[in-house]
S.K.: 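Let me begin by handing over the structure; questions about it come next.
Along the sequence shown, the residues carry numbers beginning at 1. Note: hydrogens, waters and symmetry copies are ignored here, and every other heavy atom, side chains too, is used.
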Amino acid sequence: FIDSANNVVIPFDYDEVNISWFSGGIAILQKGNKYGAVDKTNKTVVPFEYYELGLTDGFAKGYVVGKKGNKTLLVDKTGQPVNLPNIELYEKIQPIENNLVVVKEKKSGKEGIIDLTGKVIIPLKYNSVSNFYKGYAIVEGDSGRYLLNEEGKTFFEQTPFLNLQILGDNLFYGNTTKDEMMYLFDITGKHVVEEGFGSIIPMAENMLLVNRGGKAWYINYKGEKIAD
């Protein structure tokens, strides 16, 4: 690593740099065939003894998954393994915010969310579970996608979506069938704009690019047109 003045900050002693860079203040690096992590002073904070370490977001959530020998471990920023109960039962382990972990059970192939003590927060019964964003997670069941809040309460489970995205401010967009238009709606299911759109693309905070009938324009989260 070099700084903006081309001074070497982290020496060229490593074979690979994880694409997460200094996510969470720590860089995951490869030395030989082992992975570890250093801080911005090049101090080793996670020993170079893992055959695999971290995903694309590195230590952004405070933890990463590592493999040492035939063991899968959850590792914190100090390099200490976290004793996640029954970790051997999961084929997917993805740390998210608030010391929670998305896991996928090997036996059932279903996903859910647990905390670091192994307590089930979201039952392991879904085909996929997203990270929490703005207080909600998108889960996918056999009939489609719907929402869960952090207390596990479901929204839209009776009318699941084919596509569903979280905007924030209790606003969402999606469609329920392949041929249906995309709608902007609130947590009660009420449409912010009665007419649907061919597509809805978030562009910036409180700005969406929408189109209908071959014409495109920008609206805010209230559905008001703000620019062509």
Side-chain angles (χ1 to χ4, degrees), residues 1-4 9-11 13-31 34-68 71-87 90-105 111-122 124 126 128-140 145 147-152 164-169 172 202-206:
F1 288 89
I2 60 174
D3 62 20
S4 57
V9 179
I10 304 297
D13 296 337
Y14 304 98
D15 298 296
E16 183 181 333
V17 177
N18 185 284
I19 62 172
S20 61
W21 301 99
F22 275 100
S23 178
I26 300 172
I28 297 173
L29 305 168
Q30 181 182 0
K31 185 185 290 186
K34 299 289 184 67
Y35 291 87
V38 302
D39 64 17
K40 292 183 179 180
T41 68
N42 198 38
K43 177 184 176 182
T44 298
V45 290
V46 178
F48 286 82
E49 56 189 27
Y50 294 90
Y51 290 102
E52 293 181 17
L53 188 67
L55 298 172
T56 55
D57 56 353
F59 280 92
K61 307 299 188 297
Y63 304 89
V64 297
V65 177
K67 290 189 176 180
K68 184 192 295 187
K71 290 186 176 181
T72 298
L73 302 168
L74 194 62
V75 184
D76 69 15
K77 286 183 176 183
T78 68
Q80 294 300 310
V82 177
N83 183 24
L84 186 67
N86 301 316
I87 192 170
Y90 307 121
E91 64 176 84
K92 171 185 174 180
I93 304 164
Q94 179 186 345
I96 58 175
E97 283 86 359
N98 301 321
N99 293 327
L100 299 177
V101 185
V102 174
V103 293
K104 182 176 183 179
E105 193 176 43
E111 295 190 6
I113 295 178
I114 62 174
D115 67 15
L116 296 182
T117 70
K119 178 183 176 182
V120 174
I121 306 301
I122 302 298
L124 279 69
Y126 301 102
S128 66
V129 178
S130 77
N131 192 357
F132 281 106
Y133 178 68
K134 305 289 187 178
Y136 298 94
I138 298 172
V139 297
E140 183 170 352
R145 299 176 182 176
L147 292 172
L148 285 173
N149 66 12
E150 293 173 337
E151 288 73 46
L164 179 61
Q165 299 294 329
I166 301 167
L167 285 173
D169 297 329
F172 314 88
M203 301 299 294
E205 189 68 28
N206 198 34

S.K.: Quick one: side chain to side chain donor-acceptor pair (under 3.5 Å) partners of Tyr14, sequence neighbours excluded?
M.R.: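 Here the qualifying residues are Asn42.
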S.K.: Checking Asp169 against Asn206 for the side-chain contact (heavy atoms from CB on, under 4.5 Å) test, could you report, in this order, the C-alpha distance in whole Å, the side-chain angles of both residues, the deciding distance, and whether it holds?
M.R.: CA-CA 10 Å; Asp169 297 329; Asn206 198 34; 5.8 Å; no
S.K.: Working to the nearest 0.5 angstrom, can you tell me the gap between Gln94 CD and Ile113 CD1?
M.R.: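 Going from the CD atom of Gln94 to the CD1 atom of Ile113 covers 9.0 Å.
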S.K.: Just how far is it from atom CD of Glu151 to atom CD1 of Ile122, taken to the nearest 0.5 Å?
M.R.: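 Here the interatomic distance stands at 9.0 Å.
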S.K.: Do you know the tightest heavy-atom contact between Ile93 and Tyr90?
M.R.: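 Closest heavy-atom pair between Ile93 and Tyr90: CG1-CB, 4.0 Å.
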S.K.: For Glu97, check side chain to side chain donor-acceptor pair (under 3.5 Å) against everything at least two apart and list the hits.
M.R.: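 Per chain and number, Glu97 pairs via side chain to side chain donor-acceptor pair (under 3.5 Å) with Asn131.
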S.K.: Take Val129 and Leu148, measure what side-chain contact (heavy atoms from CB on, under 4.5 Å) needs, and give me the verdict at the end.
M.R.: CA-CA 9 Å; Val129 178; Leu148 285 173; 5.9 Å; no
S.K.: Rounded to the nearest 0.5 Å, what's the gap from CG on Leu29 to CG on Asp13? Could you check?
M.R.: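 Result: 10.0 Å between the selected atoms.
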S.K.: Go through Lys77 and Val45 one step at a time and tell me if the side-chain contact (heavy atoms from CB on, under 4.5 Å) criterion holds.
M.R.: CA-CA 7 Å; Lys77 286 183 176 183; Val45 290; over 6 Å; no
S.K.: Is the closest side-chain heavy-atom distance between Lys34 and Tyr51 below 4.5 Å?
M.R.: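 SC-SC contact between Lys34 and Tyr51 confirmed.
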S.K.: Side chain to side chain contact (heavy atoms under 4.5 Å, CB included) with Pro202: which residues, sequence neighbours excluded?
M.R.: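 Expected list: Leu167, Tyr173, Leu208.
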S.K.: Any salt bridge (Lys or Arg N to Asp or Glu O under 4.0 Å) involving residues 37-46? Give me the pairs, sequence neighbours left out, ordered by first then second residue.
M.R.: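 Output for this query is empty, none listed.
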S.K.: Taking all non-hydrogen atoms of both residues, which atom of Ala37 and which atom of Ile26 are closest, and how far apart?
M.R.: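 Heavy-atom minimum between the residues: CB-CG2, 3.2 Å.
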S.K.: Might you point out which heavy atoms bring Tyr35 and Gln30 nearest each other, and give the distance in Å?
M.R.: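 Nearest heavy atoms, Tyr35 then Gln30: OH-OE1, 3.2 Å.
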S.K.: Measure the spacing between CG of Leu164 and CD1 of Ile138 and express it to the nearest 0.5 Å.
M.R.: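 Result: 4.5 Å between the selected atoms.
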S.K.: Could you grab the distance from atom CG of Leu147 to atom OH of Tyr136, nearest 0.5 Å is fine?
M.R.: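 Leu147 atom CG to Tyr136 atom OH measures 7.5 Å (nearest 0.5 Å).
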S.K.: Closer than 3.5 angstrom, by distance alone: can the side chain of Asn98 be matched with the main-chain N or O of Leu100 as a donor-acceptor pair?
M.R.: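 No: the side chain of Asn98 does not pair with the backbone of Leu100.
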S.K.: Please report the closest heavy-atom contact between Ile121 and Asp115, naming both atoms and the distance.
M.R.: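 Reported closest heavy-atom pair: CG1-N, 3.9 Å.
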S.K.: Mind checking the OG-CD spacing from Ser130 to Glu140? Nearest 0.5 Å is all I need.
M.R.: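 Ser130 atom OG to Glu140 atom CD measures 11.0 Å (nearest 0.5 Å).
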S.K.: Quick one, Leu124 with Ile114, criterion side-chain contact (heavy atoms from CB on, under 4.5 Å). Give me CA distance, side-chain angles, the key distance, then yes/no.
M.R.: CA-CA 9 Å; Leu124 279 69; Ile114 62 174; 4.2 Å; yes
S.K.: If I compare all heavy atoms of Thr72 with all of Ile87, which pair ends up nearest, and what's the gap?
M.R.: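 Answer, listing the atom of Thr72 first, then Ile87: O-CD1, 3.4 Å.
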S.K.: Tell me the closest heavy-atom pair linking Pro85 and Asn83, and the distance in Å.
M.R.: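 Scanning both residues completely, I find the closest heavy atoms to be CD-O, 3.2 Å.
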S.K.: Just jot down the salt bridge (Lys or Arg N to Asp or Glu O under 4.0 Å) partners of Lys134, sequence neighbours excluded, or say none.
M.R.: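 So Lys134 forms no salt bridge (Lys or Arg N to Asp or Glu O under 4.0 Å) with any residue.
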S.K.: Pair up each side-chain donor or acceptor in residues 59-68 with any protein partner under 3.5 Å, not counting sequence neighbours, and list the distances.
M.R.:
residue: Lys61; atom: NZ; partner: Asp57; partner atom: OD2; Å: 3.3
residue: Tyr63; atom: OH; partner: Asn99; partner atom: OD1; Å: 3.3
residue: Lys68; atom: NZ; partner: Glu49; partner atom: OE2; Å: 2.7

